[in-house]
Amino acid sequence: MDFALTGEQLEMKRQFYEACIELEKLKPEGFAGLESWYGSDEYFGYHRHCAKEFAKRGWLSLNWPPEYGGTGTIIDVALFAEARGYHDIPGVDPFGVRMLAPTLLAFGSDELKRKLLPAIASAEATWCQLWSEPDAGSDLASLTATAVRKGDELIVNGQKTWTTGGHKADWGFGVFKTDLGAPKHRNLSFLVVDMKTPGITVEPILFMDGAHLYNAVYFDDVHVPAKNILGRENEGWKVFNLTAGFERSGGGEIMRMQCMLHDLVAYCNETRRDGKSLACDPLIRNRLSQVACEVEAARTLCLSVVDLQSRNEMSLMDAAGIKVFSSEVGQRLASLATDILGPFGQVKFSKWSPLSGVWEKEYQNFMRVIAGGANEVQKNIIALYGLGLPKAK
Amino acid sequence: MNIDLSEEQKLMARSAREFVKRNVPKTLVREMEKDDRGFTPETWKEMADLGWQGCVIPKEYGGVGGSFGDLAVLLEEMGRACLPGPFFSTVVLGAMLLLEAGTESQKIEILPRVADGEAILTMALTEAGATWDAAGVMTRAAPAGDGYIISGTKLFVPDAHVADWIICVARTSEGTRPEEGITLFLVNARTLGISYSVLKTIAPGKQCEVVFDKVKVSRGSIIGKENKGWKVVEMVLQWAAAGKCAEMTGGAQEVLEMAIKYANERIQFGHPIGSFQAVQHHCANMAIDVDGMIMTTQQAVWMLSERIPCRKEVSIAKAWSSDAFKRCTSLGLRIHGGAGFMEDSDIALFYRKARTDEYLYGDADFHRDVVSRELRLDAP
Amino acid sequence: MDLRYSEEQKILRNTVREFAKRRVPKTLVRELEEDAKGFSTDIWKEVANLGLLGCAIPSCYGGVGASFMDLTVLFEEMGRACIPGPFLPTVVASLTILDDGIEEAKASLLPDIAQGELILTIAALESEGITGAKGINVKATPKGGNFTVRGTKFFVEMAHVADRLLLATRTTNGKSAEDGITLFVANTRTHGISTEVIPTMGMDKLCEVRFDDVILSRQDMLGGTDEGWPIWQKSLERGALIKCAESVGGMQACVETTVNYSKDRVQYGNPIGSYQALQHIMADMWISMQTSRYLTYEAAWMESERMPCAKEVSMAKAYVNEAYKYVTKWGVRLHGAIGTTREQDVALYYRKAKAADTVFGGTDYHRDLVADKMGLLRDS
């Protein structure tokens with residue numbers, strides 16, 4: 001049992017934080033987390049700038065095999081995520097870098113790897129995921145979009161939804177039904193799709209605060225080369241599960257919570273209400289401390305998952321556990337923070353909003369308990385695949 | 001004690017529900033969020049024709065002469081609809097305050113116009129500290145000639161941007177306790193020196209910053225007694241808290257119904273999600289919260305209606321409802337999954353509204369403190 | 001970074017697990033709860049013979065010389081098995097003596113502890129039940145070369161069978177509560193010391209210990225006069241961490257028992273473990289256990305590496321206290337009525353969880369320390 005980092009890892013960590021602190025100086029006003037990247041050209045431009053900076057240093061491909069330019073390990077990836085999370089720095093495409101690249105390395109043909117990986121490492125291509133459909137959310141296996149083989153091509157038809165950043169993406173990856181006769185879980189294939197292919201239409205879905213982050217993507221007889229399938233044809237479910245695991249295990253978000261906690265502490269120290277400093281209020285002290293303990297618990301649980309990942313031992317249960325816990329802590333933190341801010345907690349970014357209005361946004365960030373498989377479904381995974389509980393009849 | 005609705009009230013609730021269903025669809029509510037005024041004058045006028053604004057105004061001032069309980073019935077239906085507009089501020093913060101403490105000439109001048117839908121009122125109480133106690137009142141009204149000059153900044157004033165009259169809570173002298181030395185002024189919103197800006201907030205409904213920059217008012221504009229205004233504010237805050245509870249109760253019932261409807265329609269894993277126990281228990285938890293809201297609110301409203309002292313009961317209702325409404329809307333949103341996030345989602349509207357309603361007229365902790373005092377626990 | 005158990009740690013874990021399986025069935029655990037002594041001397045001896053009591057004592061004092069992290073592994077298994085006996089206070093006190101005792105004390109006490117010849121306990125709480133320095137008010141008054149101790153300690157684990165007491169006293173009233181505390185290692189057979197077992201929920205033989213003008217010599221002192229607080233604080237931290245480890249083990253047992261029960265128990269024609277409402281609770285129990293585990297491991301590792309870790313320890317204890325109670329509460333509830341009976345293991349852990357919460361600092365005590373360490377200023 002050893003939590004210690006090696007000298008090299010500590011040095012990398014120092015460099016990650018140094019770079020993030022530099023990039024933080026360029027951060028546009030009102031920028032807050034992944035949820036805002038795709039919402040404005042200014043924010044997206046900042047994301048692209050950071051991405052280029054990281055690409056220059058080889059940090060978008062840290063744990064890749066050396067032949068594709070990898071120089072580090074999954075631990076470095078985790079440390080990098082922590083630094084970015086703490087300073088809320090974008091620059092790592094959650095879909096291209098975090099999800100698709102490891103999937104490609106595990107399941108992609110050499111040709112696909114050679115074709116797609118360099119543009120991910122150099123931050124030239126932006127990716128999106130094509131998973132949910134209007135009638136297939138957390139129950140992804142019941143999706144209906146089809147990719148029917150015709151010679152060397154697949155003809156794709158149907159609708160995807162909740163495609164974050166679809167309006168900015170060059171490439172997309174997703175699961176489609178390729179065997180219309182086969183049962184669930186054995187009828188899907190995992191495809192990568194050039195978003196500029198004729199027949200693809202991207203339409204905005206506005207978030208409850210009016211921001212454009214998500215999209216509906218329509219496929220109308222879209223021709224995709226059959227060699228764009230990752231893994232075997234009709235075995236997309238297996239590929240999907242691996243990719244989803246990468247989506248569910250994120251340490252960056254937890255460090256962001258730590259940073260936000262630090263800001264809250266400063267706010268409580270500076271703010272007086274009814275003649276007393278908020279930091280002295282026993283209720284605030286107790287509740288803030290409670291959430292801080294939970295954030296730390298999330299951080300250590302995340303470390304344990306990184307440790308498992310470093311040996312390829314992460315199970316579905318582990319990924320589900322960290323997803324459920326950290327998303328729920330995030331909600332509790334947001335709820336507590338808006339409570340502490342009182343009426344100011346409802347104010348959008350403006351001269352009246354403390355802490356750059358971040359908590360008003362966070363409070364609406366329901367995505368984390370639902371996206372990537374609703375927490376209810378994650379708990380099914382823990383119960384059925386982890387604890388071995390029987391399936392309901 | 002009988003806290004059930006009377007036959008007339010049930011009838012009123014039904015017709016109010018039909019009215020808002022017909023005239024205030026959720027699409028309109030969302031449209032009004034972006035609208036500068038935040039409501040449609042036509043609907044406002046129709047509501048007046050139905051006697052809503054005049055609900056609690058006695059007949060001699062052109063109203064209907066109903067009770068606070070009647071008003072709560074309307075507020076509950078408005079809560080179901082997320083009805084936009086300055087009804088709450090005009091009637092609860094304005095008309096009821098004037099009825100309680102206004103001079104005869106103030107009542108005669110203003111109340112009939114409120115009942116006709118021609119006057120919009122609000123109360124400017126909270127300031128930068130955003131507290132609901134007297135110590136938060138820093139805005140000063142200094143004597144000058146035969147009147148006063150008001151200076152200070154009010155924050156989170158509902159509907160000030162459309163108000164014709166603002167009841168300004170100001171400090172006229174320093175007492176030994178913060179509750180002393182507070183005076184209420186009835187100020188024409190267009191008086192020189194008043195400026196406002198609308199705050200951008202999470203929720204539907206407009207709240208404003210109102211700056212009083214050396215605003216001259218006459219002695220005649222004082223409501224009630226000089227330096228004795230806080231007692232009136234306290235009473236109004238009790239009505240407002242209970243009224244807000246009624247509104248939230250309506251909202252929570254609507255949310256529960258929406259959640260059940262969606263859970264029965266949405267198919268995942270081959271079944272309506274409402275057939276999954278996890279979702280069923282979410283709904284059951286919401287129902288338990290809603291019931292608590294209904295019971296505690298009805299108790300407080302009835303006691304207020306009967307003018308029975310009920311500081312504790314009002315605070316119990318507000319403390320419970322503030323938390324419960326947040327829990328309900330949060331579960332409602334969860335049951336809706338991705339569909340709840342969309343800008344055109346009705347459930348999200350309530351989720352955002354719950355965040356504002358929670359704090360208005362005292363958040364849960366504020367009211368838990370009041371309950372503690374009423375239980376004879378010493379202040380720290 | 002490698003968060004797996006080392007080979008030695010695996011051996012240690014398996015040794016305890018097999019021993020407990022063979023020698024300490026839960027029937028015996030419950031039997032010993034009713035026993036006046038509260039533990040079995042045979043088992044105590046056997047545990048000592050396995051080298052477990054001297055686990056963290058260096059070999060020069062007759063121990064094994066393992067790390068604090070190893071101790072954590074050991075106590076996680078002890079907690080899982082609920083092995084009754086004064087293991088925890090003996091081991092924690094031995095670490096304090098090892099760190100801060102004079103050479104004679106070490107040489108005379110540590111080998112005996114490792115051999116299982118000597119039982120130690122820690123006298124922390126007094127009548128007010130305050131964990132921190134403010135709670136230490138038993139007076140030790142200098143008299144000649146000695147000290148006279150007067151006062152009462154409460155909730156001292158197994159003092160009725162202990163040979164030595166690690167005792168915190170107040171020798172002077174300094175500027176802050178932390179000044180003026182002096183520690184002693186007192187022989188329990190010293191004239192004037194009397195003990196009485198307090199009947200508690202955990203049935204873990206917590207005692208009232210009275211000091212009626214007890215004369216202790218300078219040789220009994222641990223650390224300097226008035227300089228005991230930092231040593232005591234460290235001792236509390238270690239105690240809290242070991243308690244966390246025990247609790248994680250207890251949670252593990254409770255989760256396993258509950259999952260197994262829910263697979264067997266049939267209601268409405270299905271094993272109850274197939275119902276989603278119960279599945280999701282068990283998923284949450286598992287998450288609580290896992291988070292508690294790694295929070296504890298991280299703090300224990302820091303302690304093992306002798307890094308400053310007061311904040312991490314308090315975070316762990318505050319979190320694990322609540323998690324253990326949560327997990328065992330649901331363990332009992334998922335067993336239904338049977339879960340509340342004396343024969344059920346979940347009921348045993350449920351009681352142990354409450355007992356664990358009360359020693360080495362309750363949740364609110366540690367949360368307040370965390371608030372300090374987070375930088376929330378107490379007064380300005």
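Keep in mind that what you see is a predicted model, and the values were worked out from it rather than measured. In what follows, chains are A, B, ... by sequence order, proteins preceding strands, each numbered from 1.
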Does a donor on one side chain and an acceptor on the other come within less than 3.5 Å for A:N375 and C:H280? no
Show your working on side chain to side chain contact (heavy atoms under 4.5 Å, CB included) between C:R378 and A:R285 and close with a plain yes or no. CA-CA 9 Å; C:R378 267 181 190 280; A:R285 291 174 68 82; 3.3 Å; yes
Is there a side chain to side chain contact (heavy atoms under 4.5 Å, CB included) between A:Q290 and C:Y319? Walk through the geometry before answering. CA-CA 8 Å; A:Q290 177 180 2; C:Y319 184 85; over 6 Å; no
Please look at A:R287 and chain C and tell me whether the side chain, the backbone, both or neither of the residue comes under 4.5 angstrom of a heavy atom of that chain. neither
Check the side chains of C:D364 and A:N286 for a donor-acceptor pair under 3.5 angstrom, ignoring hydrogens and angles. yes
With only heavy atoms counted, which part of A:L261 is less than 4.5 Å from chain C, the side chain, the backbone, both or neither? side chain
For A:L384, is it the side chain, the backbone, both or neither that has a heavy atom under 4.5 Å from a heavy atom of chain C? side chain
Taking the six-membered ring for Trp, are C:W301 and A:F3 parallel (under 30°), tilted (30 to 60°) or perpendicular (over 60°)? tilted
Of all heavy-atom pairs between A:A297 and C:T291, which one has the smallest distance, and what is that distance? CB-CB, 3.9 Å
Can you confirm whether A:M1 sits close enough to C:R4 that some side-chain heavy atom of one is under 4.5 Å from a side-chain heavy atom of the other? no
Determine the option with the most heavy-atom pairs under 4.5 angstrom with chain C, choosing from A:I382, A:L308, A:L301, A:D307. A:D307
Within the 4.5 Å heavy-atom criterion, are A:N269 and C:L376 side-chain neighbours or not? yes
What part of A:I75 is in contact with chain C, defined as an atom under 4.5 angstrom from a non-hydrogen atom: side chain, backbone, both or neither? side chain
